[in-house]
Amino acid sequence: MKIAAKVSKDYQANTDCLVVALKPQTKISSQCVELNNATGGAIDRLQDNGQFSADSAQIVNLMVPKGVGAKQIVILGTGNKKSMSTEDVRELLSTLAKKLKALKVDEATFELDALVAKSDTTTVTRHLAEALGDAEYAYIKSPESVRGDKAGKEFEATFWCADEQSSKAAMQAAATGTAINNGKTLAKNLGNMPGNVCTPSFLAKQAQDLSQTHGLKVSVLEEADMADLGMGSLLSVSKGSREPAKLIVMHYNGANDPDEAPHALVGKGLTFDAGGISLKPAGKMDEMKYDMCGAASVFGAVLAAAELKLPINVVAVIPSSENLPDGIANKPGDVVTSMSGQTIEILNTDAEGRLILCDALTYTQRFKPKTVIDIATLTGAVIVALGHQTAGVMGNDQGVVDDLLAAGDTSLDHAWQLPIKETYKKQLKSSFADLANIGGPSAGSITAACFLSYFTEDFRWAHLDIAGTAWGGASGKLASGRAVPILTQYLIDRC
Ligand code: BES
Ligand code: MN
Ligand code: ZN
């Protein structure tokens with residue numbers, strides 16, 4: 001998806017498709033006199049025939065119109081609302097993008113003044129870029145094509161602006177939307193890959209590739225390195241798997257001062273979660289290939305930050321492992337020692353995400369981060385609480401939580417706060433270790449975050465539970481690319 005802004009409006013210019021937004025009016029064509037005249041009064045006739053009234057999301061298309069350079073005109077109704085929320089705009093643009101996809105349009109010129117008037121240039125261009133990107137996305141069934149390759153021709157969009165100033169705003173918003181879209185595409189591709197292809201080693205290779213293409217500093221810790229560091233919790237999860245665990249570290253240094261403290265993103269990279277000895281039921285177990293979507297969204301956000309050349313330092317830490325049953329796998333009742341020194345009684349081997357994250361969080365401390373966000377498909381309970389629409393957010397610093405909530409609202413990658421309180425922490429008491437890895441049947445998302453809170457006491461931290469938003473829901477049985485938008489926006493807002 002490529003998008004460029006242009007100030008001049010030229011109806012004779014060649015384009016596969018001219019998309020024009022119009023609002024309801026007694027005489028709709030008064031909004032587009034030049035176009036109406038050029039096409040011999042096509043807009044008037046559409047209205048007179050009752051074929052177009054500019055209702056919200058009404059779309060009509062004129063094939064091979066006379067009098068213009070476009071091979072096709074798509075007319076989009078904006079409806080009557082005086083002003084539209086970002087959600088309204090996105091909804092409308094998603095409908096439009098899907099229609100263009102159905103019409104097999106991959107190059108188009110957009111004249112969306114009627115929509116901009118109800119919102120603003122930045123919102124419209126940014127979400128146009130993302131809506132076109134989402135509609136264009138198709139999973140390519142080849143392990144080599146994680147990044148870059150497109151299923152079809154890349155969509156090329158030209159956005160007509162009223163003046164120089166709005167064209168500047170449009171270019172900047174389009175760049176943001178495009179970078180987020182590229183990050184989402186990477187996250188979707190990684191998420192959709194089967195677990196036998198997307199292994200911890202494969203993720204490590206992706207990081208190395210990103211270091212080549214985007215100048216990131218990457219290091220990968222092997223199991224022996226993790227053993228030296230005392231990561232007994234993380235390593236206990238990977239024990240039952242033949243795939244070696246990896247701890248992937250990526251540095252994006254965009255700040256003027258390379259020593260400026262970074263913001264840390266820590267992503268759960270469980271490339272397949274069978275549950276271990278506490279085996280999951282067979283139905284839908286295939287979906288546990290998505291248990292690395294936290295890691296995938298960290299990859300996507302780092303890619304977006306690099307593409308946008310954000311003046312900020314970011315360190316990404318990705319603990320990656322499989323969770324499988326085996327003769328030497330974790331057993332319920334086992335006690336392990338984390339890198340922090342705290343011991344953990346593993347009452348359920350399926351609560352493995354927190355076991356790999358806790359050591360990764362302790363490790364992150366060495367970068368003296370300004371803030372730490374961990375992103376994880378951590379609990380089924382968050383789907384019960386918030387569905388596939390909204391991610392759960394919890395943390396030890398209300399400022400960080402508020403910043404994330406705000407980033408979610410701006411990017412439309414929404415999150416909602418759940419409480420972390422002492423009364424929930426009590427549920428993690430163990431008779432045999434400092435902590436149990438589960439807190440009983442109630443408040444599962446909260447007790448999971450409470451567990452992590454014991455490993456984040458030395459920094460400002462928030463946790464995003466994306467088990468509901470990373471796949472499924474409106475995106476079908478496919479990865480959604482979330483939480484790339486909220487994370488990228490969070491980083492943009494820190495600049
Ligand atoms: N990866 C799962 C969480 C999950 C479940 C994500 C369903 C998406 C859909 C996680 O590792 C897990 O198994 N969590 C358990 C925790 C429980 C044992 C306390 C869960 O949510 O059931
Ligand atoms: Mn699990
Ligand atoms: Zn898991």
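Counting starts at 1 for both ligands and their atoms, following the listed order.
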Chemist: Please report, to 10°, the angle around the Zn ion (ligand 3) from atom NZ (K268) across to atom OE2 (E352).
Modeler: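 That angle works out to 90° after rounding to 10°.
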
Chemist: Taking distance alone, with no angle check, do T379 and ligand 1 share an N/O pair under 3.5 Å?
Modeler: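 T379 vs ligand 1: no N/O contact under 3.5 Å.
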
Chemist: Going by the atom numbers of ligand 1, which of them fall below 4.0 Å from some non-hydrogen atom of A467?
Modeler: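 What qualifies from ligand 1 is 6 (C), 8 (C).
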
Chemist: Compare G380, P441, G468 and give the one whose heavy atom is closest to atom 5 (C) of ligand 1.
Modeler: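 The residue whose heavy atom sits nearest atom 5 (C) of ligand 1 is G380.
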
Chemist: Which option, T377, I438, V384, I466, owns the non-hydrogen atom nearest atom 19 (C) of ligand 1?
Modeler: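 Nearest option to atom 19 (C) of ligand 1, by heavy atoms: I438.
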
Chemist: Answer yes or no for atom 1 (N) of ligand 1: protein heavy atom present at a distance under 4.0 Å?
Modeler: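 Given the 4.0 Å limit, the answer for atom 1 (N) of ligand 1 is yes, a protein heavy atom qualifies.
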
Chemist: Which ligand 1 atoms does K268 reach within 4.0 Å, using its non-hydrogen atoms?
Modeler: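 Going through ligand 1 atom by atom, the ones under 4.0 Å from K268 are 1 (N), 10 (C), 11 (O).
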
Chemist: Hey, is D88 close enough to K118 for a salt bridge, meaning N to O under 4.0 Å?
Modeler: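 Looking at K118 together with D88, the answer is no, because their closest N to O distance does not fall below 4.0 Å.
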
Chemist: For ligand 1 and D273, I'd like to know whether there is a polar contact (N/O to N/O, distance under 3.5 Å).
Modeler: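 Yes - when backbone and side-chain N and O of D273 are compared with those of ligand 1, one distance drops under 3.5 Å.
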
Chemist: Can you find a non-hydrogen atom of M288 under 4.0 Å from ligand 1?
Modeler: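 Yes, M288 has a heavy atom closer than 4.0 Å to ligand 1.
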
Chemist: Relative to the heavy atoms of D350, which atoms of ligand 1 are at a distance of less than 4.0 Å?
Modeler: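 Those qualifying, in numeric order: 10 (C), 11 (O), 12 (C), 13 (O), 14 (N).
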
Chemist: Does any N, O or S atom of A376, backbone or side chain, fall under 2.8 Å from the Zn ion (ligand 3)?
Modeler: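 For A376, the answer is no, given that no N, O or S atom comes within less than 2.8 Å of the Zn ion (ligand 3).
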
Chemist: Do any of the N, O or S atoms of D291 sit under 2.8 Å from the Mn ion (ligand 2)?
Modeler: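 No N, O or S atom of D291 is closer than 2.8 Å to the Mn ion (ligand 2), so no.
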
Chemist: Is NZ or CZ of K184 both nearer than 6.0 Å to the six-membered ring centre of Y137 and within 45° of the ring axis?
Modeler: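 No, K184 does not lie over the aromatic ring of Y137.
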
Chemist: Could a heavy atom of F451 be found less than 4.0 Å from some atom of ligand 1?
Modeler: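 So F451 does not count as touching ligand 1.
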
Chemist: Check contact between L270 and ligand 1, using heavy atoms of the residue and a distance below 4.0 angstrom.
Modeler: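 Distance cut 4.0 Å: L270 fails for ligand 1.
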
Chemist: Are K425 and Y454 in a cation-pi contact, defined as NZ or CZ under 6.0 Å from the six-membered ring centre and within 45° of the axis?
Modeler: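 K425 over Y454 ring: yes.
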
Chemist: State the atom name: nearest N, O or S atom of E352 to the Mn ion (ligand 2).
Modeler: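 Nearest N/O/S atom: OE1.
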
Chemist: Out of D465, V382, T447, L378, whose heavy atom is nearest to atom 10 (C) of ligand 1?
Modeler: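 That would be L378.
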
Chemist: Going by atom types alone, do N313 and H263 pair a side-chain donor with an acceptor below 3.5 Å?
Modeler: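 On atom types as modelled, these side chains do not qualify, holding no pair under 3.5 Å.
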
Chemist: Indicate the atoms forming the closest heavy-atom contact of M193 with Y139, along with that distance.
Modeler: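 Scanning both residues completely, I find the closest heavy atoms to be CA-OH, 3.6 Å.
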
Chemist: Restricting to N, O or S, what is the name of the atom of D273 that lies nearest the Mn ion (ligand 2)?
Modeler: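 Nearest to the Mn ion (ligand 2) within D273's N, O and S set: OD2.
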
Chemist: With a cut-off of 2.8 Å, does D273 place any N/O/S atom under that distance from the Zn ion (ligand 3)?
Modeler: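 Here the distance criterion (N, O or S atom, under 2.8 Å) is met by D273, so yes.
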
Chemist: Whether K268 and D291 form a salt bridge (side-chain N of Lys/Arg under 4.0 Å from carboxylate O of Asp/Glu) is what I want to check.
Modeler: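 Salt bridge: yes.
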
